[in-house]
Amino acid sequence: MKIDELARKPGPWLRGGGPMSDIVISSRIRLARNIAGYPFLSKVSDEQRTEVVNLIRRRVDGEGVGRKWRYVDLERVDELDRQVLVERHLISRQLVDARGARGVSFAKDESASVMVNEEDHLRIQVVRSGVQLEDIWEEINRLDDRLEEGIDYAFHPRYGYLTACPTNVGTGIRVSVMLHLPALKLTGEIEKFFRAAKDMHLAIRGLFGEGTEATGDFFQISNQVTLGRTEEEVIDAFKHDVIPRIIKYETQERKRLVKERPLALDDRVWRSYGALRNARTISSEETMLHLSHLRMGINLGRIKDVDLTTVNELFLITQPAHLQKLNGSRLNGEQRSAIRAELIRRRLGGH
Amino acid sequence: MNLACQACKKQPATVHLTDITPQGEKFERHLCEECAQSEGVTPKPPSQPQLGQILSAFVEGSKVSVQQIADLACPKCKLTFVEFRNTGLLGCSSDYDAFEKALVPLIERAHQGASHHIGKVPRRLGTPRAVENDLIRLRRELGRAVDNERYEEAAQLRDHIRTLEEK
């Protein structure tokens, strides 16, 4: 199966290097759409559910909308394969947990995907490294247009694009940015940032979006209002207000750490580097924590012999499903911890 | 699992609600039949009719009675409004019209007071671009007028929009 191949290396967007990617790891936009004439998924029959899949697949595969895209039928792949797709952010946990005919089409470089039969018939997504919201909007808008040439979307003159949950109705747009905020976390200023985000009607979530806790140093923030503003207005708010503010807060705290607490900062960074290069068993959570510190150390020029690409790659391949795919066999938690530690030591030239 | 009612903490909870805060966050409430009725979440039995009671806890600001809400059902997908409240998910496109009265206050709460789309429009609708742009602008102005409670202006804008939409 192709998923084995997929698991071997990160998609280009995760290798990093996009604008401002030291703080904003990636940005993404997703559009929620439903097909006119079919009930939403809570009321759809099994037959209709399959028809929806076929309709979308025909449009994506057949009409050249997604040339060279792959489709993964989630009913036909096993749990580990599904988990690999979640870890790569190609699908949501919700799609894994859904039932019946469903799947995902995605571009070879994994920068664009269409989830079929998640909460809505279609969830179109485009992602890029760093801050590139305008490019993303241009691409996803075009993709949406091309899909629409062959699919009638459910649209209402007053409410816009209709969605199963009224919190997404209107534009159906969700703009989200994945953030690495180790300094705000370390200095305890993160709470202020949370409050500011809430005031701006933004949702803060964990690394894997909806339903995941905002723990560690990684956060995803996204708009909640989808009605009464244009797509451009939602994107502009991120571009001109939300993102610059976050970058300012985090940069300020990073500078403060370097200036006022260099010893504490270096201790944290080098301890984590040491742990990663020496540990014999290590959990996913501990790995995340140390990789986060290492990433900060690299971005602040404290550590010079590791590059960001290696760190970004380690974030992905040390996750449970990827680890098992790379190892070629199922592993229990204990085995994973040992193999994870070995993999990290090897990549970081440890002992 | 038998959950206890969150209000009286005695009876088992049989009414499960998903509510949406003004920030658009979903949260759940679990109540027993009695507490749900006294909070106006579910209708009281016909023997004690409470018609005319405003469902302030349920659908803020809307002048829809308990009974009217309880009776709401989509003619197409048969989803009832109470079912929607339990899951937070609608059953089909027609629900937006079938539940309009009860839904609009919820939509406004989730979208900072807005209840009109001003964004992208599918090309197949074939609205001439100029009119489409006018509509987008007018809908936005309407949204702002409503947000700022300038209802006279909003009514004028609404009429203007209707005329354009009919073209």
Side-chain angles (χ1 to χ4, degrees), chain A residues 31 33-44 119-120 137 141 144-173 197-204 210-211 222-234, chain B residues 18 20-26 74 76-79 83-84 87-97 99-100 102-125 127 133 135-137 139-140 142-144 146-147 158 161-162 164-166:
Chain A
L31 299 174
R33 300 285 188 254
N34 286 283
I35 304 177
Y38 284 87
F40 299 148
L41 289 156
S42 62
K43 287 282 181 186
V44 89
E119 186 178 288
D120 296 296
W137 170 240
N141 193 22
D144 183 49
D145 284 346
R146 297 218 48 202
L147 285 166
E148 195 223 313
E149 284 166 24
I151 298 172
D152 276 359
Y153 287 147
F155 186 85
H156 190 286
R158 174 173 178 186
Y159 305 115
Y161 292 95
L162 299 179
T163 51
C165 182
T167 53
N168 298 318
V169 78
T171 51
I173 198 171
K198 288 233 162 80
D199 289 344
M200 293 162 86
H201 294 269
L202 300 169
I204 302 171
E210 198 131 0
S222 51
N223 68 299
Q224 308 214 72
V225 175
T226 56
L227 188 66
R229 0 191 131 158
T230 63
E231 290 82 353
E232 286 83 1
E233 284 172 329
V234 174
Chain B
T18 304
I20 299 166
T21 68
Q23 285 78 37
E25 280 170 332
K26 287 187 231 172
C74 171
K76 253 200 166 151
C77 72
K78 313 291 178 215
L79 183 84
E83 281 176 309
F84 159 67
T87 62
L89 294 174
L90 294 166
C92 76
S93 298
S94 307
D95 295 353
Y96 278 93
D97 292 318
F99 300 158
E100 184 171 16
L103 208 51
V104 166
L106 289 182
I107 289 179
E108 286 175 343
R109 261 203 281 169
H111 299 283
Q112 287 192 278
S115 64
H116 284 85
H117 175 62
I118 58 166
K120 187 175 176 177
V121 174
R123 289 190 184 180
R124 75 178 152 86
L125 294 184
T127 326
N133 282 348
L135 277 170
I136 287 175
R137 185 180 49 78
R139 288 198 187 110
R140 185 183 332 197
L142 176 66
R144 288 200 188 114
V146 172
D147 286 345
R158 183 201 56 205
I161 288 167
R162 278 194 190 150
L164 285 180
E165 278 172 350
E166 277 157 18

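Because the structure is predicted, anything quoted here is derived from the model rather than measured. Naming convention: chains lettered A, B, ... in sequence-line order (proteins, then strands); numbering from 1 in each chain.
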Next on the checklist: If we ignore hydrogens and angles and just use 3.5 Å, is the side chain of S42(A) paired with the main-chain N or O of L90(B) as donor and acceptor?
Outcome noted: yes
Checklist entry - What part of E233(A) gets closer than 4.5 Å to chain B, counting heavy atoms only: side chain, backbone, both or neither? => result side chain
Checklist outcome for this item: Pair count under 4.5 Å, heavy atoms only, with chain A: among G119(B), G91(B), C77(B), highest is G91(B)
Checklist entry - Would a 4.5 Å heavy-atom cut-off, applied to side chains only, mark R158(A) and I107(B) as touching? => result no
Next on the checklist: side-chain contact (heavy atoms from CB on, under 4.5 Å) for F40(A) and L89(B)? Distances and angles first, verdict last.
Outcome noted: CA-CA 9 Å; F40(A) 299 148; L89(B) 294 174; over 6 Å; no
Checklist entry - Heavy-atom distance under 4.5 Å to chain A: side chain of D97(B), backbone, both or neither? => result side chain
Next on the checklist: Give me the atom names and distance for the closest heavy-atom approach of S115(B) to L227(A).
Outcome noted: CA-CD2, 3.5 Å
Item to check | Max heavy-atom pair count under 4.5 Å with chain B, selected residue of A154(A), P39(A), G172(A) | outcome: P39(A)
Checklist entry - In terms of side-chain geometry, is the basic nitrogen of E148(A) or K120(B) positioned less than 4.0 Å from the acidic oxygen of its partner? => result no
Item to check | Close side-chain approach of S93(B) to Y38(A), heavy-atom, < 4.5 Å | outcome: no
Next on the checklist: Return the NZ to NZ distance between K43(A) and K78(B), rounded to the nearest 0.5 Å.
Outcome noted: 9.5 Å
Checklist entry - By a 4.5 Å heavy-atom criterion (distance strictly below it), what part of N34(A) contacts chain B: side chain, backbone, both, or neither? => result neither
Next on the checklist: Tell me whether the rings of H156(A) and Y96(B) are parallel (<30°), tilted (30 to 60°) or perpendicular (>60°).
Outcome noted: tilted
Checklist entry - What's the shortest heavy-atom distance between Y161(A) and V121(B), and which atoms? => result OH-C, 3.7 Å
Checklist entry - Does H111(B) use its side chain to pair, donor to acceptor, with the backbone of P166(A) at less than 3.5 Å? => result yes
Next on the checklist: I need the residue from V44(A), L41(A), N141(A) with the largest number of non-hydrogen atom pairs under 4.5 Å to chain B.
Outcome noted: N141(A)
